[in-house]
Amino acid sequence: MTARPEIPRLVLFPITADVNAQGHLTLGGCDSVQLAADFGTPLYVFDEKGLRSQCATFKKEFGQRYADTTVLYASKAVALKAILTIAREEGLGLDVVSGGEMDIAQQAGVPMERLYFHGNNKSAEELGMALDRGVGRIVVDNFQELALLNDIARGKKRTPEILLRISPGVDPHTHQYNTTGIIDSKFGIPLSRGEEAVTAALAAKNVKLLGIHFHLGSAIFEVEPYPKGIEVILDFASGLQKKLGFVMKELDIGGGYAAQYVVDTPAPPISAYAEVVTATLMRKCRELKLEPPRLVIEPGRSIVARSAMALYRVGTIKDIPRVRRYVCVDGGMGDNIRQALYGAKHEALLANRATAKDTAVVTIAGKYCESGDILIRDIHLPEVTAGDILAVADCGAYCIPMASNYNAALKPAVVMVKDGKARLIRRRETFADLTRGEAV
Ligand code: LLP
């Protein structure tokens, strides 16, 4: 990307983002105004270079500091086949949380042994499916699941290799809905019952306990919670090695690495997470005289968030004198529920006048029948008129997979751009899709 100090928000867009001679935002060498014309709006646009480079950065930053690192892409962030194919090609494994994600991974040609299966309430069918398809690890979340899996695995050809998910009781200081590593959480086994869980897993004849997993939460802007979690779990594992002979071969520290959504709140670089995580792990293993385990990480958001933008067309503009100007676009909470659900912040640019000076503060609203259907509250933009194209940054993670058909809206098309070419990776839904599964 050419440095564009006059457009600070450009850093929130994919790495190939630029502005062409007509003042149009470009991505992967494609004119975003043309993309909107060719594919319609709302449109999600993924940048292949940006996506591949994030995958590679995680592998490099962790791998060069700690060779025995496995990087999994947390597919819940967006599980389109084209995205999982790229993750596979970049040599990543996958974190999956449902039979559905497992199946999409298989359709994308991801070797099943590269999958880690998570979830706090996996069904017997899903566990059976994981065993039959040869999923690499099952991350057991609770005592009930351990017993169920041990039952289902009886008589199977391959003994499933499992991790136990332990809640270390570390607060990552993020949104309440994105906090998981604390004790009062539906996820994982509380540390206080960790010994009981390891004892039960070692006694379970049909599973093989390989290690421990924890996941602190999502959008974690501080690096400190990670070393805290690692220390807690290594102390725990070392105690149980002495007491029960349990050897932790694998330590999976989950995901949660932040992405930058607004100009003045940068996220730590991946190297900063990699440095604290690997330094703590090595130091603590030395101190406790533990054999260093394989390190597994599960980034989702930090791989895909920045790699996509969403394009909308502006329609109604409503002025309420001295109160607010609403700029309404043709999407909203149906394709991006993050502001409505978490008060999440996104930034945007006028794609068709990307270099124009900001003149007003407006609120970007969607077209859904909900007052909470706001995409961006109070954003500085140039004069906006109906027909303008708005490009919202950082829409790669947790927008498409959380989309709904509320108000019978059609889920948007998705394209992937690279070297001046755009390929459709998911077509826009049609009205026929809305009633496809109905039985009348
Ligand atoms: N591993 C586990 C076990 C997880 O539960 C998650 C995310 C991840 C990894 C990946 O976390 P990430 O690196 O993406 O932060 N819908 C919310 C985020 C929910 C995260 C759920 N679990 C949002 O839009 O902010």
Side-chain angles (χ1 to χ4, degrees), residues 51 54-55 57-58 62 70-79 83 87 92-98 101 115-122 137-142 145 163-168 170 172-182 185-189 211-223 225-226 229 251-262 265 267-268 270 273-274 277 295-308 310 333 335-346 375 392 394-404:
L51 187 56
Q54 281 307 91
C55 294
T57 304
F58 266 102
F62 278 83
T70 297
V71 183
L72 309 178
Y73 162 59
S75 65
K76 73 207 76 176
V78 56
I83 308 285
L92 272 51
L94 294 184
D95 148 358
V96 296
V97 287
S98 64
E101 285 184 355
L115 265 51
Y116 281 56
F117 183 27
H118 289 274
N120 66 303
N121 188 20
K122 303 176 187 80
R137 304 275 185 277
I138 297 181
V139 183
V140 172
D141 187 273
N142 54 66
E145 183 187 329
L163 305 182
L164 283 177
R165 178 168 180 164
I166 303 282
S167 204
V170 172
H173 305 131
T174 182
H175 191 282
Q176 181 196 346
Y177 293 176
N178 277 336
T179 297
T180 48
I182 56 170
S185 164
K186 73 169 181 172
F187 297 105
I189 295 154
I212 303 290
H213 166 273
F214 70 84
H215 172 72
L216 299 174
S218 194
I220 302 173
F221 276 83
E222 300 166 7
V223 298
Y226 289 93
L251 172 65
D252 180 344
I253 62 163
Y257 316 96
Q260 181 176 7
Y261 283 89
V262 290
T265 315
I270 295 165
Y273 292 109
V277 163
L295 171 65
V296 183
I297 57 169
E298 304 169 340
R301 181 193 312 277
S302 46
I303 289 185
V304 284
R306 188 182 165 195
S307 70
M333 66 189 295
D335 63 272
N336 182 353
I337 201 171
R338 301 194 63 258
Q339 139 75 28
L341 199 53
Y342 318 106
K345 292 199 167 67
H346 283 266
L375 276 179
V392 178
D394 282 301
C395 289
Y398 302 111
C399 295
I400 291 168
M402 296 178 82
S404 74

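We count ligands from 1, going down the list as the structure has it; atoms in each ligand are counted the same way. Computed from a predicted model, the values in this text were never measured in an experiment.
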Where is the nearest protein heavy atom to atom 25 (O) of ligand 1: which residue, which atom, and how far? Arg301 NH2, 2.7 Å

Just to confirm my output: which protein heavy-atom neighbour is closest to atom 18 (C) of ligand 1, and how far is it? Asn178 OD1, 3.3 Å

Indicate yes or no: does an N/O atom of Ser302 lie under 3.5 Å from an N/O atom of ligand 1? no

Looking at ligand 1, does any of its N/O atoms fall within less than 3.5 Å of an N/O of Asp95? yes

Give a yes or no answer on whether the side chain of Thr174 reaches the backbone of Ala219 with a donor-acceptor pair at less than 3.5 Å. yes

Does some non-hydrogen atom of Pro299 fall short of 4.0 Å from ligand 1? yes

Hey, is ligand 1 close enough to Gly300 that some N/O pair sits below 3.5 Å? yes

Looking at Ser302, is its backbone amide N or carbonyl O close enough to the side chain of Gln54 to form a donor-acceptor pair, meaning the two atoms are under 3.5 Å apart? yes

Carboxylate-amine/guanidinium contact Glu145 Lys122, below 4.0 Å: yes

Please answer whether the main-chain N or O of Gly188 pairs with a side-chain N or O of Asp141 as donor and acceptor at a distance below 3.5 Å. yes

Quick one: look at Tyr342 and ligand 1, take heavy-atom pairs under 4.0 Å, and tell me if it's side chain, backbone, both or neither. side chain

Give a yes or no on whether the backbone of Ile189 and the side-chain of Ser167 come within a donor-acceptor separation of less than 3.5 Å. no

Give me the nearest non-hydrogen protein atom to atom 1 (N) of ligand 1 as residue plus atom name, then the distance to 0.1 Å. Glu298 OE1, 2.7 Å

Which residue and heavy atom of the protein sit nearest atom 20 (C) of ligand 1, plus the separation: Tyr398 OH, 3.5 Å

Do Val170 and Phe214 have side chains that get closer than 4.5 Å, going by heavy atoms? no

Scan Leu216, Val296, Ile297 and name whichever one has a side chain to side chain contact (heavy atoms under 4.5 Å, CB included) with Ile253. Ile297

Within the 4.0 Å heavy-atom shell around Ala74, which atoms of ligand 1 are there? 8 (C), 9 (C), 10 (C)

Of the backbone atoms (N, CA, C, O) and the side-chain heavy atoms from C-beta on, which set of Arg338 has a member under 4.0 Å from an atom of ligand 1: side chain, backbone, both, or neither? side chain

Below 4.0 Å from ligand 1: does a non-hydrogen atom of Gly256 turn up there or not? yes

Closest protein heavy atom (residue, atom, distance) for atom 15 (O) of ligand 1: Ser218 OG, 2.4 Å

Are Arg338 and His346 close enough that some pair of their side-chain heavy atoms sits under 4.5 Å apart? yes

So, Tyr257 versus Tyr226, ring centres under 6.0 angstrom or not? yes

If the cut-off is 4.0 Å to any non-hydrogen atom of Arg165, which atoms of ligand 1 fall inside it? 3 (C)

Can you tell me if His175 contacts ligand 1 (heavy atom of the residue under 4.0 Å from the ligand)? no

Report the nearest protein non-hydrogen atom to atom 8 (C) of ligand 1: residue, atom name, distance rounded to 0.1 Å. His215 CE1, 3.4 Å

Can you confirm whether the side chains of His215 and Glu298 place a donor and an acceptor under 3.5 Å from each other? no

closest protein heavy atom to atom 21 (C) of ligand 1 is Lys76 CD, 4.0 Å

Begin with the C-alpha distance, continue with both residues' side-chain angles, and end with the deciding distance and a verdict on side-chain contact (heavy atoms from CB on, under 4.5 Å) for His118 and His213. CA-CA 10 Å; His118 289 274; His213 166 273; 3.2 Å; yes

N/O separation below 3.5 Å, His213 to ligand 1: no

